[in-house]
Peer 1: 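My questions all concern the structure below.
Side chains are part of it too, since the values below use all heavy atoms of this structure and drop only hydrogens, waters and symmetry mates. Letters go in sequence order (proteins before strands), and every chain restarts at 1. Since we're looking at a predicted model, the values are computed, not measured.
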Amino acid sequence: MSHQGNTVRVRPFRFPCPTHDERRGSTRTRRSSDSLAAVWAWLFAVLAALAGPSTSAVAAPQSPTDDVLHLQRRITYGPTATESLVLLAGYPTSLQTFLSAQLGPAQPESSALQLLLADIQPNVSQGEVWSIDRLGRDYVARALYSRNQLREWMAYFLFSHFNVGYGKVNNDLEEIITFFSLPNSASEDATLLIRDNLEFLRQNAFGNFGTLLTHIVKSPATIVYLDNHRNNAALGVNENLAREALELYSLGLNPDGSPNGFNQSTDVNGFAHVLSGHILNLSPAQPHWVPFFSGLFHDLAPYQGATLFASSVGGGYTIGATESGPAVLDNVLAHIAMMEETARFISRKLYRAFVSDVATPPSTLIDAMVADWMASNGNLGVVLDRLLHDLDFWSTSHRMGKVKTPLEGLVSTVRAFDGQASNENQLTNLMAELSQSGQTLFTHPSPDGFPFASEEHATTWKDLRRVKFNRSLNEGVASQYAGTIYYDWFGLLNQMQVSPSNTVGVAQSFLLLQYGTTLTNTDQQLALSFLSTKVDGVTPDVGLDRLIQTGAIAAWNDRVSQYAAFAASFAQSYLK
Amino acid sequence: MSHQLHRRQLLRMGGVGLLAGAFSSVLNRTAYAQVIGQPVLINFRKVLIIFQRGANCGLNTIIPHGNSSEYFGYRPLPTLSGPGVDNIGVPFDPAFDLNGFASMHPAMAPLSHVFNQGHLAFLHRVGTIDYSRSHFEAQRYYETLSPTTPAGSLALEEGWVARMVGALPTTGGYAGVSVSNAFQQAFRSTDPSRVQWHVPNIAAYSQAKVKGAPTAVEAKMFGSAGLAAQYGGAQVVTETSALAYRSGVEMQEADAALSGVSSAQPNTPYPATPFGASLRDAVSMLTQTNALVAGVEIGGWDTHAFQGGVNGRQAELLNELALGLRAVYNNVMAHGGSQDLMVLVVTEFGRTTPQTGSFGTDHGHGGVAMAMGLRVNGGVYNCDPSTWLPGDMTGPDGPWVHHRTDFRAVFKEILRAYYFANTSMIDLVIPGWSSLSGPTFAELGFVKP
């Protein structure tokens, strides 16, 4: 392998343009540990080549390492050593293989994750039930260990897009339960309804948008959250769901805040009439929370013969002179899902989520995504495929250009060091930290959903929490404490073919795992001096080689844990 | 000299100045200074802003009982004795009459004393030019003070607080602080070198600090000699990267600003709710540090269904808000207390005048804002026989109260009369202000000269 030839890439990486069949048929690349060692040695050569006398930032050339890490940072909850090594070994075709697999059908989860998920499930014999905290643990376990990383990421992203806040649903169910003297538990039922939406989005993350929109708008969780169970046209419509379904779920607002293809008064009110009567079965008879169409609550007469969304570029939906009843909602939602305005709004949102937080994404790419949307019946997988193959996604100018959400920040740190949790108690600290950082899963109160924009997550508070958490890796030393995640430093180093006696190798490999070649020389020197000196930063510390030779394994473990916490605390760890 | 004063002096003169020095090459305060000349804000005067998120129903907060036939036509009196599935009309109660025309919701009884002292102003029919009736758009307008006008132009995404404190050369980053679970846009800066101050509450902040003295190498990493020196220079970094690189300095500054702040429960306790706790901590920061503007929020006002009348959902929230405001008043302002704190309560819009079929109200337009402080001319504005005419309960564009005062006029009056801001400063905080004219942009006169 030629070292020099591969260290500097002058052109951005570009996939061969794949067909759908090629993507579906691909399998993962496997390499022997010999070639892994070779790759690793080569990586060090890359680092060495980048190292120079300058103390200013390295203007990192595009490198295979950075290409690999970029893809992992953006379509997964962060790189793991195992995955990075596989992707590097097969670079560049491995990237295509990986992306295709991630966009493809769900792969079976590892037995380790299945065991963890089983532990999180409520133990009915002990009277446990589903709660919103438990659902949060269930999701975080998948974020940490799922093989279907992009699918999981999209499930949460789409959940936030079609947000349902637990608090409101819980309160409203409680009211109904009290009113009808039902035996149900509001908190359990609210959680189950939210879980239903999440599971549907997980299974259809790369499906047709119309399917998602229809399912979510008609779901019991959404109906309760946005008051449609009280949308009674006979007494006067309730516009809550109608407004948010247009403004947040589908057509959206333009970057200047103006409505995108709909009128805020007549179209919202007309759509509220379409939605009227789509309530829940509130009778004391079982089951309680199923969608139910009430003809008494439904009245479309004021809009019969009228055209909704008349200002749309592709034309509106004209309600027939005698059209009425439950099927009208399906027809209107199908129409909305294929309106160009919807395609454009969702494409812009995906661009911001995956590429860059700009207000107005490049129009050529958005146009191409919209064309794909129209040609594929609104298939999110096809649109995502376009986005993730675009040169703009791979541009070096966007790398490390987004601030991680608290969830992404915490999970990516654990993944970077192969942190292991085998029972739900080990997730306790992680969940508490997530709440403290302002991201208690599935409880975002307002319908605009949990924000993914960088500026929302670059505040004093979130920075402080991130450093606090990253440094808590240090506390996981003995790793037997309840509530902490287990880190097997020997195993991790062995996987990377780095000797535990090699102080410089340990120092550099931990940085590479997280930052690729994006750290400055100053930072790398700082890291090395942390691992090789005592508290004063000057006196040489006992080397890792000496600790290994004398069998001081506990001391070695302490030292490496402290170093991992330090290495995880560089500000770049907030970025993806 | 008290210890506290000494600390504050240090912060203003030393700690913060040091920070400004470290970042001087990337700060664009110079640019601001060129725009506005010498800033004239009186920067020891403080503002506490409370955002009622979800759109509080103004018609049931300050009720125009002077026009009761219309009011009860839209909102009939309840038919049941308790709260629940019932009409939302609030009966007239002479005990809460404010000016012979408007009356206060009974749940706000804790504020009667403050109103009678003349230190509480209710500003009725305040609204944005936004007719989208979208929560998120209208909230954005309130937080940026930059609604899209004319349609099609891109709004400034920077918060008004960030723009205001950014213009002050002496206050440093820690001048505007969002005391809330979610970071509020009013405090968001688009200048990546400026810290976005976000403190959910003081106890959590001190608990979150990294324990133990840093090692020499860690000090380099987190200290101003480390990250700031490495990344704060002329080196070109992407905006987002710069946001993250600051964190070492932020932590030092947070520590310096907050370590001595007491959040002990004062004489008049704050409500034992998340809102009460953040209100208490915001007041502590404003009174004990050099923070200039603090923002807290209280949610749950989006009463599309079962809003309630005298009792019920909205009443409970109004009571929580009133108890919080009374605590601020008693602890800080009463009995010759501080004249240098102004509390402003805003909500994104009001709600429809007729109740819906589900005994709630949908999104409307003009709402009620409130101002409290010793420099406030107490009273009721835009809700008296001379300003509230028959038919005013619906507007030209729908069944809701139209706005009579543009929301920016409220902020402009605070800037001009409370902070003594000059025109260029006002234009900086409220983009395009001096090109606006017409009766809706007139000051109400609620700030004492």
Peer 1: Taking the side chain as everything from C-beta on, heavy atoms only, tell me whether His135(B) gets closer than 4.5 Å to Arg243(A).
Peer 2: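 They are not in contact (no side-chain heavy atoms under 4.5 Å apart), so the answer is no.
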Peer 1: Side chain, backbone, both or neither: which part of Val538(A) has a non-hydrogen atom closer than 4.5 Å to chain B?
Peer 2: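 The answer is neither part of Val538(A).
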Peer 1: Under a 4.5 Å heavy-atom cutoff, which of Ala182(B), Pro200(B), Gly360(B) has the most pairs with chain A?
Peer 2: Pro200(B)
Peer 1: First locate atom CG of Asp448(A), then atom OG of Ser134(B), and finally report the distance between them rounded to the nearest 0.5 Å.
Peer 2: 8.5 Å
Peer 1: Using heavy-atom distances under 4.5 Å, tell me whether Glu244(A) contacts chain B through its side chain, its backbone, both, or neither.
Peer 2: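 Only the side chain of Glu244(A) comes within 4.5 Å of chain B.
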Peer 1: Within a radius of less than 6.0 Å around CG of Asn269(A), do more than 12 heavy atoms belonging to other residues, nucleotides or ligands occur?
Peer 2: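 Above 12, so yes.
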Peer 1: Within a strict 4.5 Å, meaning less than it, do heavy atoms of the Leu248(A) and Phe136(B) side chains meet?
Peer 2: yes
Peer 1: Partners of Asp172(A) by salt bridge (Lys or Arg N to Asp or Glu O under 4.0 Å), sequence neighbours excluded?
Peer 2: Lys168(A), Arg230(A), Arg313(B)
Peer 1: Which one wins on heavy-atom pair count under 4.5 Å against chain B: Asn254(A), Asp227(A), Asn240(A), Asn232(A)?
Peer 2: Asn240(A)
Peer 1: Below 4.5 Å from any heavy atom of chain B, which atoms of Ser573(A) appear? Answer side chain, backbone, both or neither.
Peer 2: neither
Peer 1: If we only count heavy atoms from C-beta on, is the Asn238(A) to Asp362(B) side-chain gap below 4.5 Å?
Peer 2: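 The answer is yes, as the side chains (C-beta and beyond) meet within the 4.5 Å cut-off.
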Peer 1: Under a 4.5 Å cutoff for heavy-atom pairs, which residue among His444(A), Lys462(A), Glu239(A), His457(A) has the most contacts with chain B?
Peer 2: Glu239(A)
Peer 1: If you take all heavy atoms of Phe183(B) and Glu456(A), which pair is closest and at what distance?
Peer 2: O-OE1, 4.1 Å
